[in-house]
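Quick caveat, the model's predicted, so the values are computed rather than measured. Just follow the structure's listing: the first ligand is 1, and inside any ligand the first atom is 1. Every heavy atom of this structure was used, including side-chain atoms; hydrogens, water molecules and symmetry mates were not.
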Amino acid sequence: MVVLLRKLRCYMTALLSSIIIVLLLYFQNSVLVFTDDSYGFISKKVQCACSICVTDRGNSHWFSERYDNKVPLLLNSTNSVLRANVSRWWKELQSNAGNYTEVVHQLFPLFPDKEHYSDAGPDRCRTCAVVGNSGNLLGSNYGPLIDFHDFVIRINKGLTEGYEKDVGSKTTHRIVYPESAVDLDNSTHLVLLPIKILDIQWLISAFTTKNITQTYRKVPSTIKANKDKVMILHPEFIRYVYDNWAEGHGRYPSTGFLTLIFALHICDEVNVFGFGATSGGIWHHYFEKILTSYETGVHAGKFENEIINRLQQENKILMHKGWT
Ligand SMILES: *[C@@H]1O[C@H](CO)[C@@H](O)[C@H](O)[C@H]1NC(C)=O
Ligand SMILES: *[C@@H]1O[C@H](CO)[C@@H](O)[C@H](O)[C@H]1NC(C)=O
Ligand SMILES: *[C@@H]1O[C@H](CO)[C@@H](O)[C@H](O)[C@H]1NC(C)=O
Ligand SMILES: *[C@@H]1O[C@H](CO)[C@@H](O)[C@H](O)[C@H]1NC(C)=O
Ligand SMILES: *[C@@H]1O[C@H](CO)[C@@H](O)[C@H](O)[C@H]1NC(C)=O
C-alpha cells in the first residue's frame with residue numbers, strides 16, 4: 001500500500017512538473033498588456049526580425065479578420081486540385097475554359113514544383129517594395145530606396161529602363177498575365193496571374209511550342225524569362241483576395257491589388273510605391289502619356305483604394321506617394 005502511494009506521488013510530481021514546464025513555455029512569449037480599460041496576457045509570439053511585422057497579431061482586428069495565412073499562394077503539383085466553389089467562380093470569369101486538370105499536368109514537369117516562402121519566422125526580416133505604375137513616381141527620386149529592398153515586385157509592363165532614378169532598376173518578381181507580359185531578365189521571377197486556363201496554356205506554350213499567339217487579343221508567342229523562376233498564382237488565392245479583401249467588389253481584383261496582398265503574405269515589411277493618383281488627382285502610368293481610369297468596370301478601383309488606405313492606417317504597409 002505504502003509503496004503504491006509513493007509510486008502515485010512520484011507520478012503526480014512528474015505530471016505537475018510537466019504541466020508547469022508546458023505553461024512556462026507557452027507564456028514565455030507573452031507580455032502583460034495594460035490598455036485604457038483592460039489588462040491581461042496576450043500571446044505576443046515573435047513573428048519576424050523586423051521592428052514591425054506584417055503578421056503581428058493582436059494589433060488590428062480589422063486585419064486579422066481578413067488575413068488568412070493558410071490560403072495557398074502558388075500552384076504546385078500537390079495543391080492544384082481546386083475546391084468546387086473556387087473552380088466554379090474561376091471558370092465563370094472565362095469563356096471556353098479548357099480542361100484544367102490536363103493543363104496543370106503539363107505544368108510541373110516544366111516549371112519548378114516546390115514550396116516557396118514557407119520560411120517565415122522570428123529570424124527573418126524580409127523587406128519588400130511593391131512598385132505600381134502610377135505617374136506619381138515621376139520626379140520622386142525613389143529609385144535607390146526601392147532597390148534597397150530584399151524583394152522588388154513590379155506589375156505588368158512597368159519598365160525600369162530610362163526611369164531608374166524614380167523607380168529603381170532591380171526586379172525580383174514581376175506579376176503578369178499574357179496580355180501584359182514583357183521580357184524579363186534572368187534573375188527575375190515571372191509570376192503569372194491566371195485569370196483563365198488559357199493563360200496557363202499560354203505560359204506552357206511560351207516556353208515550348210510557342211504556338212499560342214492569341215487570347216482575346218494578340219499576345220507575344222514567347223518572352224524572355226528564366227524558366228526555373230516561374231511561379232503561378234493559385235486560383236484560390238485570387239478568390240481569397242476577391243472575397244476577403246475586395247469584399248466581392250468588381251469582377252475580380254486588379255493586378256496591383258493582388259500583388260499587394262501577395263506581398264503581405266510573403267514579406268515581413270511592405271513598402272508601397274507608385275499606387276494612386278498624382279497629387280493633382282491625375283491617373284496615368286509613369287511610362288505612358290495617356291490617362292488611365294481607376295474604375296475600369298472589371299476592377300473596383302475605388303474600393304481597392306480604400307482598402308489600401310486602411311492597410312496604411314493599420315500600419316500594415318507604408319505608402320510612398322511621391323511629390324508630384
Ligand atoms: C469554399 O468551400 C469551403 C468548404 O468546402 C469553405 O471553407 C470556403 O470558405 C468556401 N470558399 C468560398 C470562397 O466560398
Ligand atoms: C479533363 O481531363 C481529365 C483527364 O484527361 C478527364 O478525366 C476529365 O474528365 C476531363 N474533364 C472534363 C470536364 O472534360
Ligand atoms: C504545395 O504548396 C502547399 C501549400 O499550398 C504545400 O503545403 C506543399 O508542400 C507544396 N507542395 C510541394 C510539392 O512543394
Ligand atoms: C539563367 O539562370 C539559370 C539558372 O537559374 C542558368 O542555368 C542560365 O544559364 C542563366 N541564363 C543566362 C542567359 O544567364
Ligand atoms: C499548339 O501545339 C500543340 C502541340 O503541338 C497542339 O496540341 C495545340 O493544339 C496547338 N495549339 C494551337 C493554338 O495551335
Pairs under 3.5 Å, N/O atoms on ligand 5 and on the protein: can you put them in a table with the distances?
residue: ligand 5; atom: 2 (O); partner: Asn211; partner atom: ND2; Å: 2.3
residue: ligand 5; atom: 11 (N); partner: Asn211; partner atom: ND2; Å: 3.1
residue: ligand 5; atom: 14 (O); partner: Asn211; partner atom: ND2; Å: 3.3

*asked:* Closer than 4.0 angstrom, basic N to acidic O: yes or no for Glu236 and Arg83?
replied: yes
*asked:* Geometry only, no angles: is Glu102 polar-contacting ligand 2 at N/O separations under 3.5 Å?
replied: yes
*Do Asn226 and Ser187 have side-chain N/O donor and acceptor atoms under 3.5 Å apart?*
no
*Before giving the answer on ring-ring contact (aromatic ring centres under 6.0 Å, His included), spell out for Phe287 and Tyr163 the whole-Å C-alpha distance, their side-chain angles and the decisive distance to 0.1 Å.*
CA-CA 8 Å; Phe287 51 90; Tyr163 298 93; 7.2 Å; no
*Does the N or O separation between Ser77 and ligand 3 drop below 3.5 Å for any pair?*
no
*Quick one: are the Cys125 and Cys50 sulfurs under 2.5 Å apart?*
yes
_Atoms of ligand 3 close to Lys114 [distance to a heavy atom under 4.0 angstrom, numbered from 1]_ = 14 (O)
*Near Lys224 NZ, under 6.0 Å, is it more than 12 heavy atoms from other residues, nucleotides or ligands?*
no
*Considering the heavy atoms of Pro72, write down every atom of ligand 3 situated less than 4.0 Å from one of them.*
5 (O)
_Under a 3.5 Å threshold, yes or no: a donor from one side chain and an acceptor from the other, between Trp245 and Tyr240?_
yes
*Of all the atoms in ligand 3, which lie at a distance below 4.0 Å from a heavy atom belonging to Thr78?*
1 (C), 8 (C), 10 (C), 11 (N), 12 (C), 13 (C)
_Need the ligand 3 atom indices (1-based, order shown) with element for anything under 4.0 Å from a heavy-atom of Asn76._
1 (C), 2 (O), 3 (C), 8 (C), 10 (C), 11 (N), 12 (C), 14 (O)
*asked:* At less than 4.0 angstrom from any non-hydrogen atom of Asn99, what atoms of ligand 2 do you find?
replied: 1 (C), 2 (O), 3 (C), 8 (C), 10 (C), 11 (N), 12 (C), 14 (O)
*When the ring planes of Tyr67 and His265 are compared, do they come out parallel, tilted or perpendicular, using 30° and 60° as the limits?*
parallel
_Evaluate Leu145 against Phe273 for side-chain contact (heavy atoms from CB on, under 4.5 Å), listing each step before the verdict._
CA-CA 10 Å; Leu145 176 61; Phe273 301 85; 3.8 Å; yes
*Salt-bridged, Arg239 to Glu92, with N to O below 4.0 Å?*
no
